[in-house]
Amino acid sequence: MGNKLITVKIRYGAEEEVFETEAGTPLATLVRDRWPADFRYGRIAAAKRGLRLVELGLKVYKPGEYTIVTTEDPIGYDMYKRSLVLLMLRATRDVFPSMKIQLLYSLGQGYYCTIRNRKNEIQVPTEAELTQLKAAMLHLTGQALPIEKKVVTTQEAVEMFEDWGLEQKAELFRYRRASRVNLYFLDGYEDYCYGYMLPNTEGLIHFDISKYDDGFVLVLPLRNSLEMGDGYKAPDKLYHALRKAEDWGSQLGISGVGQLNSEICKGHLNELIQVQEALMEKQIADVAEEIHRLGRKLILIAGPSSSGKTTFSNRLSIQLRAHGLTPHPIAMDNFFKERVDTPRDEKGNYDFESINAMDLELFNSCMERLLRGEEVDMPKFDFTSGEKKYDGRTLKLAPDDVLVVEGIHALNPASTYALPSDSSYKIYISALTPLNLDEHNRISTSDNRLLRRILRDARTRGNNAARTIKMWDSVRRGEENNIFPYQNEADAMFNSALIYELPALKIQVEPLLFTVPQDSDEFYEAKRLLKFMEYFLGIDSSTVPANSLLREFIGGGCFEI
C-alpha cells in the first residue's frame, strides 16, 4: 500500500498549481517538476507557508498552501549568496586542501576572502589556482548536489570546529544558549551557515572569482536578474577602510563575536570601550588635520542611513576648532525643490531620494557666493508646507571659516557642478564593522545600521520597529542609487562602526523587535534580527562616553541630534 496522498497548493507570481502528491515529498521536487527552468536558473529560493519561511528541502506531510520566494526578494537573495559561500568552501577543499578560507567582508558586489596556512599566515593565490577554484565550483553545480541540514548538539559543534582549527566558530558556540545547532552538509563538507539555504547546488551558476590584493573576491550576481555585472571592479577606498578596521580588531585581539564575548566575560569592557573610542577620535583628528593642511573651505559629507553623520559632523567640527577653524554646518535638505516641482517615482509618489529633488542651481549659487566672501541669505526648508523659507539668517565666511555640508548627494559630482574641485573635501562615512560571526559568516553592515535606525526611530521619531523594517528595503535602494556609486569620490572614508556596539545595542533593541506582530510581513526580519542578537552578550551602556557616535542611537549624548 502506497503512502498517503495529500493536496499541496503552490503560488508562484500570478501562477497557482495544485499538486496531489505522496506525504513526505520535498517541496523542491514539486517546484522543480513544475517550474524547471527557473529552478535550474537559481531564481526560486524558498517558500512561505503563511508568513513562515521554509526551505525547499522541507518534506510536506500535511495539506497546505505555499508561496514561492525568489531571489528578487532580499530573503531569497541572501539564501542564494549564503549557499554560494558554502559551495565555494566545499570547492576549496579540492583546490586548497590544507588551507583555511576566511570570508572577511563585503566588497562592492562580492565577498573578499583570504587563504591561510596552518600557521595562520596569508597565502596569496595564483590566477591558475583561482581558475581551478571556479572550475571546481561549476563542477559541483553540474552535479545538482543536495544541501542537507544536520542537527548536532552545541557541544558536538564546538568540538568539531576545534578539531578543524576553526577557533572563531568554536568560541562563538561556547556562548550559545541553545542546546542544538543546525549544520549544513554538502558532498562531504559540513559547516555552520547563519540562515536558511537552497536545496541543492544546481542553480548556483551565477558567480565569478576575481583575484584582489592578497586574496580573492567571490563576485556575486545582481539581485533582480542573477546576471553578472559588466565586470567586477573593487572599490579600493572602501577596501582600505575595511582593512584598517580589520587591523584595529587585530590590535584589540578581537575579530569574531566569540572573542568579543570572552573579553566581556573577563571584565575588559571599559578598557575596550576607551581604546576603541580613542582610535575613532584619532581618525577624526587626522581628517581635520588634512582639511586644515589643504586649506579646503567646503567639507562635503555623505553616507548611508544610520552611519552617524550628525555626531561625526559635530566631532569633526570640534577638531576643526582645535585647528583654529570655525565650522558652519549646512544641511543639503534645506535645498530641496518646492514640493510642486519634486519629481515622482514609478508609483506616483514623491521621490525625495532623487538628486532631481534638489535645487542644485540654488545650492551651487549659494556655495559659490559664500566661497567668494559674499553674504548670503540661507534658506530653511519647511517640510510641512513643502517650500523653502527665509527667516533672515545670513552667512558670510571669515578667513578661518569653513562650510560643513551634509546630505545624501554630497559626493555626487552633479551636486557641485559649478564649484571648483580644489575648494572641497569629500568624506564618505559608513558603519564598516570589523567583526564577523566567525571565519565564514560575516556581519552585514546593513544589519548593523538597521539596528541603529530601529533604536533611533523609536526614540526620536516615534516609529515602531515594524515601520522601520518596512521602510528599510526602500532606504537601501536609495543608497544603492544615490550614495554607494559615489563613495570612491571621497577624499577620506570614515568608519563609524564600534567593535563593542552590538552588545550595547542588544539590551535596548531586543524589546523593540519583540513588538513586531507575528501576523505582519515584517515579523520574519524581526525574528532574524532577534536570532542574530542571541550571539552577543549584552552590556550596560552607561559606560559609553557622552560624545560617542553610538549615543546618536542609544541616547544620552552631549550633542543635539
For residues 299-318, which side-chain N or O atoms pair as donor and acceptor with protein atoms under 3.5 Å away, sequence neighbours left out?
residue: S305; atom: OG; partner: R453; partner atom: NH1; Å: 2.8
residue: S307; atom: OG; partner: P304; partner atom: O; Å: 2.7
residue: S307; atom: OG; partner: I429; partner atom: O; Å: 3.4
residue: K309; atom: NZ; partner: G303; partner atom: O; Å: 3.1
residue: K309; atom: NZ; partner: P304; partner atom: O; Å: 3.1
residue: T311; atom: OG1; partner: E552; partner atom: OE1; Å: 2.7
residue: S313; atom: OG; partner: K309; partner atom: O; Å: 2.8
residue: N314; atom: ND2; partner: T310; partner atom: O; Å: 3.0
residue: R315; atom: NE; partner: E281; partner atom: OE1; Å: 3.2
residue: R315; atom: NH1; partner: N547; partner atom: O; Å: 3.2
residue: R315; atom: NH2; partner: E281; partner atom: OE1; Å: 2.5
residue: S317; atom: OG; partner: S313; partner atom: O; Å: 2.8

Look at [X] together with [Y] and state whether they make a salt bridge at an N to O cut-off of under 4.0 Å.
| X | Y | result |
| --- | --- | --- |
| E338 | K388 | yes |
| R243 | D213 | yes |
| D457 | K470 | no |
| E479 | R449 | yes |
| K81 | D78 | yes |
| K396 | E375 | no |
| R293 | E290 | yes |

- Can M471 and N463 be said to form a side chain to side chain contact (heavy atoms under 4.5 Å, CB included), step by step? CA-CA 11 Å; M471 296 187 301; N463 289 345; 4.1 Å; yes
Under the 3.5 angstrom rule, does the side chain of [X] hit a backbone N or O of [Y] as a donor-acceptor pair?
| X | Y | result |
| --- | --- | --- |
| S541 | V544 | no |
| K389 | D382 | no |
| N441 | L437 | no |
| D345 | D351 | no |
| D38 | I44 | no |
| N364 | Y417 | yes |

- Message: Run the salt bridge (charged side-chain N to carboxylate O under 4.0 Å, His left out) test against R528 and tell me which residues pass, sequence neighbours left out.
- Response: D447, E525
Distance from [X] atom [atom1] to [Y] atom [atom2], nearest 0.5 Å?
| X | Y | atom1 | atom2 | value |
| --- | --- | --- | --- | --- |
| T543 | I273 | OG1 | CD1 | 3.5 Å |
| C113 | F216 | SG | CZ | 4.0 Å |
| S444 | N448 | OG | CG | 8.5 Å |
| T131 | I209 | OG1 | CD1 | 9.5 Å |
| K506 | E510 | NZ | CD | 3.5 Å |

- Message: Please determine whether side chain to side chain contact (heavy atoms under 4.5 Å, CB included) holds for the pair F532 and I443, giving the CA-CA distance in whole Å, both sets of side-chain angles, and the decisive distance to 0.1 Å.
- Response: CA-CA 9 Å; F532 170 61; I443 291 177; 3.8 Å; yes
For a quick test of reading the model, state the closest non-hydrogen atom pair linking [X] to [Y] and the distance between them.
| X | Y | result |
| --- | --- | --- |
| P74 | R223 | CG-NH1, 3.4 Å |
| A357 | P343 | CA-CD, 3.7 Å |
| F363 | S415 | CD2-O, 3.4 Å |
| F352 | F336 | O-CE2, 3.6 Å |
| L130 | S210 | CD1-C, 4.4 Å |
| K337 | M358 | CE-O, 3.3 Å |

- Identify the residue among E501, E277, Q276 that makes a side chain to side chain donor-acceptor pair (under 3.5 Å) with S548. E277
- Message: Surrounding NZ of K211 (heavy atoms of other residues, nucleotides or ligands, distance under 6.0 Å), is the total greater than 12?
- Response: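 Yes, enclosed.
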- Message: Taking CZ in R467 as the centre, count heavy atoms belonging to other residues, nucleotides or ligands within less than 6.0 Å. Is the count above 12?
- Response: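 Open.
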- Between Y350 and R344, is there a cation-pi geometry (under 6.0 Å to ring centre, at most 45° from the normal)? yes
- Please confirm whether Y41 and H206 have ring centers closer than 6.0 angstrom.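 Centroid distance Y41-H206: below 6.0 Å, so yes.
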- Assert yes or no for the condition that the ring centre distance of Y232 to Y212 is strictly below 6.0 Å.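 No, too far apart.
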Distance-only criterion, 3.5 Å: show the donor-acceptor pairs between side-chain atoms of residues 400-407 and protein atoms not counting sequence neighbours.
residue: D401; atom: OD2; partner: H328; partner atom: NE2; Å: 3.0
residue: D401; atom: OD2; partner: A398; partner atom: N; Å: 3.0

